[in-house]
Every structure is written in structure tokens, then in C-alpha cells.
Amino acid sequence: MPIYISLLLMVMSCNGQENPGYIGAKYGVLDLDKITFSEQLDTLFSKTEKYYKLPKGEEVFDEKLGKYVMADTLYHIYRIPAKNVAEGTFSFKRLEVKPKEVVDFYADHSHRFRKVEVSVYMSDGQYRQLRDDCKNFKDITPANVKKVNNGKYIILQSNDTQKQILTTLYCLDNRLENNGDLNQNYFVRIAKTSLKIKNDEFDKQLNDEIYIPL
């Protein structure tokens, strides 16, 4: 890619206008919050040194091979090995996603980008910042879940009806289990899902979010 195009993509990403066209720190930070689901994953990953395209679906036992084999691929997960991810590759709003925190991109059997997900550990300060950045999210945690977890596990959700994108945060207070690591005081799974297609096999199997119209 010509230098001026690469620099332009980086500037646009830094200014919050849009995401770069390819995954890679040299192209700019890919903000998961700015995902539109119009992206083509094969293009997005095309400049990546190494990534996996993992088939998922129904498996059956093959008597001749003596093992389970994929009978029908329902979806693929695009994933870059942590060792091939540089600092500054991914973010979610103001939260920097570290290389060790794997980001999964999901495409259905028709190669349509449907979901992106990452799980991150964070400090008190990072968690407060995330909650502040997501202050418009609605707490949809069922009462029984709050009771069982003593309020230490909550589910926050935002439904952008115009863009047809659902964003869900699964937040766990990990302070009693962090083994003294203050950077692991909270564990949060961040999931963004396209709502443009509903009630197909992908939707039924993958999207277990508790969905409440906002």
C-alpha cells in the first residue's frame, strides 16, 4: 500500500471517523465499536500475516476414519494468533485490546459478517472508563442472575435500531479471584451482533444474548 494511503487510514482512525480497511497496527486501530457489519472479512484480513478461518457446525462420526468430521459448516471464526497481533491493533471505544486478548470475527455459511466478540481483563480505572463510555447501555441482568451472583455479574446492552447492531457487555467483578493482579479486577465479554438477519440457524445457535428492545 502506498505510504500516503496508509497514513490517511491511520489519521482517519485516530480522528474517530472510520475504521481502517485492513487489520494491522500499521493501518490504524480497528475500533470494534465502529464495526458496521458491511465489512468483508476476507478483505479485512487480507493483509494479516497469519490468521485462522475455523469452520464450526454439525459434526458426525465417520466409521471409516474413526473420528468426528464436519458434516455441515454453519459458520466460520476468523482469528489471529496472539503472537501475530501487535499492540494497537484493536480497541473498543477508549479501551485498548491487548494482543493476548483474542478477537473473534464470525461469518455465516454465506460468508456474511455477523458477529464480533472479545473478552478482556481490566483494572478498576479501565472498568470505570468503560462504564462511563457505555453509560447509555441498559442493565438487562435478570433478577435471579443478580441474586445468584450477589450483584457481581451484570449484563449491559445497547440496541442501535438505525444501524441494526446490538452491543452487549457481560461484566464480572473478579476482585476476589484476581490472585492479586489489579489489572484483572474485572472480566468483560464484549459482543457486537448484526440484527439485519434474524431467526436463521446462525442466529439461533450463536446469539444467546438476552435481547430486550430499548
Side-chain angles (χ1 to χ4, degrees), residues 13 16 19 23 29-37 39 56 75 77-80 82 85 87-106 113-196 198 202-214:
S13 179
N19 273 329
I23 292 178
V29 180
L30 186 80
D31 185 348
L32 303 179
D33 190 50
K34 296 178 183 175
I35 290 291
T36 66
F37 293 101
E39 299 89 349
K56 299 291 182 179
Y75 61 94
I77 297 176
Y78 290 68
R79 178 187 299 165
I80 304 174
V85 181
E87 293 281 351
T89 299
F90 299 112
S91 71
F92 178 77
K93 296 184 181 292
R94 290 186 292 168
L95 175 69
E96 181 182 350
V97 177
K98 299 297 183 182
K100 64 181 180 180
E101 295 160 340
V102 176
V103 183
D104 283 336
F105 297 76
Y106 295 79
F113 184 19
R114 301 284 295 275
K115 183 175 182 177
V116 62
E117 187 174 74
V118 62
S119 296
V120 297
Y121 283 101
M122 57 187 66
S123 65
D124 289 343
Q126 290 172 319
Y127 185 68
R128 285 195 299 270
Q129 176 181 285
L130 178 67
R131 292 295 304 272
D132 184 60
D133 289 342
C134 301
K135 57 188 175 184
N136 64 320
F137 281 44
K138 184 176 181 178
D139 186 343
I140 62 165
T141 318
N144 63 323
V145 173
K146 286 186 177 180
K147 183 177 180 179
V148 169
N149 292 279
N150 296 317
K152 292 184 178 181
Y153 178 70
I154 60 173
I155 304 171
L156 307 173
Q157 194 170 80
S158 174
N159 178 15
D160 189 327
T161 55
Q162 182 176 1
K163 296 180 179 180
Q164 294 183 284
I165 295 176
L166 188 71
T167 306
T168 310
L169 308 181
Y170 303 87
C171 308
L172 174 66
D173 185 335
N174 193 53
R175 285 176 291 184
L176 294 179
E177 307 292 336
N178 66 3
N179 295 318
D181 187 346
L182 299 182
N183 291 317
Q184 296 190 6
N185 277 357
Y186 290 89
F187 180 76
V188 180
R189 178 161 65 97
I190 302 168
K192 290 185 71 71
T193 306
S194 172
L195 298 179
K196 295 176 183 178
K198 297 180 182 179
F202 179 95
D203 188 55
K204 293 175 183 178
Q205 183 162 334
L206 259 301
N207 298 330
D208 57 355
E209 285 86 4
I210 300 170
Y211 172 55
I212 298 178
L214 304 180

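When side chains are defined from C-beta on, F90 counts as touching I23, because their heavy atoms get closer than 4.5 Å. A heavy-atom distance below 4.5 Å is not found between the side chains of F92 and V118. For the pair R131/L169, no side-chain contact is recorded, criterion being any heavy-atom separation below 4.5 Å from C-beta on. Put simply, the side chain of E87 reaches to within 4.5 Å of the side chain of E96, judged on heavy atoms. With a 4.5 Å cut-off on side-chain heavy atoms, Y186 and R175 count as touching. Using a 4.5 Å cut-off on side-chain heavy atoms (C-beta onward), Y121 and D181 make no contact. V120 has its side chain out of reach of K98: every pair of non-hydrogen atoms, C-beta onward, lies at least 4.5 Å apart. Counting heavy atoms from C-beta outward, V103 and V116 have side chains that approach closer than 4.5 Å.
Closest approach of Q184 to N174, counting heavy atoms only: O-ND2, 2.8 Å. What you find for I155 and T141 is that their closest heavy atoms are N-OG1, 2.7 Å. Across A82 and P99, no two heavy atoms sit closer than the pair CB-O, 3.5 Å. I35 and N19 make their closest contact through N-ND2, 3.9 Å (heavy atoms, listed as atom of the first residue, atom of the second, distance). Nearest heavy-atom pair, E39 versus K34, reported as atom, atom and distance to 0.1 Å: OE2-O, 4.3 Å.
Annotation: the span from Q164 atom CD to S194 atom OG amounts to 7.0 Å, rounded to 0.5 Å. Separation of atoms OH (Y106) and CZ (F37) is listed at 11.5 Å; rounding is to 0.5 Å. In this structure, the separation between NZ on K163 and CG on L195 is 13.0 Å, given to the nearest 0.5 Å. For the atom pair CG (D173) and CG (N150), the distance works out to 10.5 Å, reported to the nearest 0.5 Å. Taking CG of N149 as the start and CG of N144 as the end, the distance is 9.5 Å to the nearest 0.5 Å. A distance of 8.0 Å separates OG of S158 from CG of L166, quoted to the nearest 0.5 Å.
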>> Before you tell me yes or no, could you show the steps for D124 and R128 under side-chain contact (heavy atoms from CB on, under 4.5 Å), namely the whole-Å CA-CA distance, both residues' side-chain angles and the distance that decides it to 0.1 Å?
In response: CA-CA 6 Å; D124 289 343; R128 285 195 299 270; 3.6 Å; yes
>> Quick one, N178 with N185, criterion side chain to side chain donor-acceptor pair (under 3.5 Å). Give me CA distance, side-chain angles, the key distance, then yes/no.
In response: CA-CA 6 Å; N178 66 3; N185 277 357; 2.4 Å; yes
> What's the verdict on side-chain contact (heavy atoms from CB on, under 4.5 Å) for D132 and Q129, showing C-alpha distance, side-chain angles and the deciding distance?
Replying inline: CA-CA 5 Å; D132 184 60; Q129 176 181 285; 5.6 Å; no
>> Working note: D139 + K146, criterion side-chain contact (heavy atoms from CB on, under 4.5 Å); need CA distance, chi angles, decisive distance, verdict.
In response: CA-CA 11 Å; D139 186 343; K146 286 186 177 180; 3.2 Å; yes
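Between the side chain of D31 and the backbone N or O of D33, at least one donor-acceptor pair lies under 3.5 Å.
Of the residues Y127, F187, Y153, the one that meets the side chain to side chain contact (heavy atoms under 4.5 Å, CB included) test with C171 is Y127. Between D104 and the choices R79, K115, R189, the salt bridge (Lys or Arg N to Asp or Glu O under 4.0 Å) rule is met once, by R79.
No more than 12 heavy atoms of other residues, nucleotides or ligands lie within 6.0 Å of CD in E177, so this atom counts as exposed by the packing criterion.
Between Y75 and F202, the two ring planes are perpendicular [angle over 60°; tilted spans 30° to 60°].
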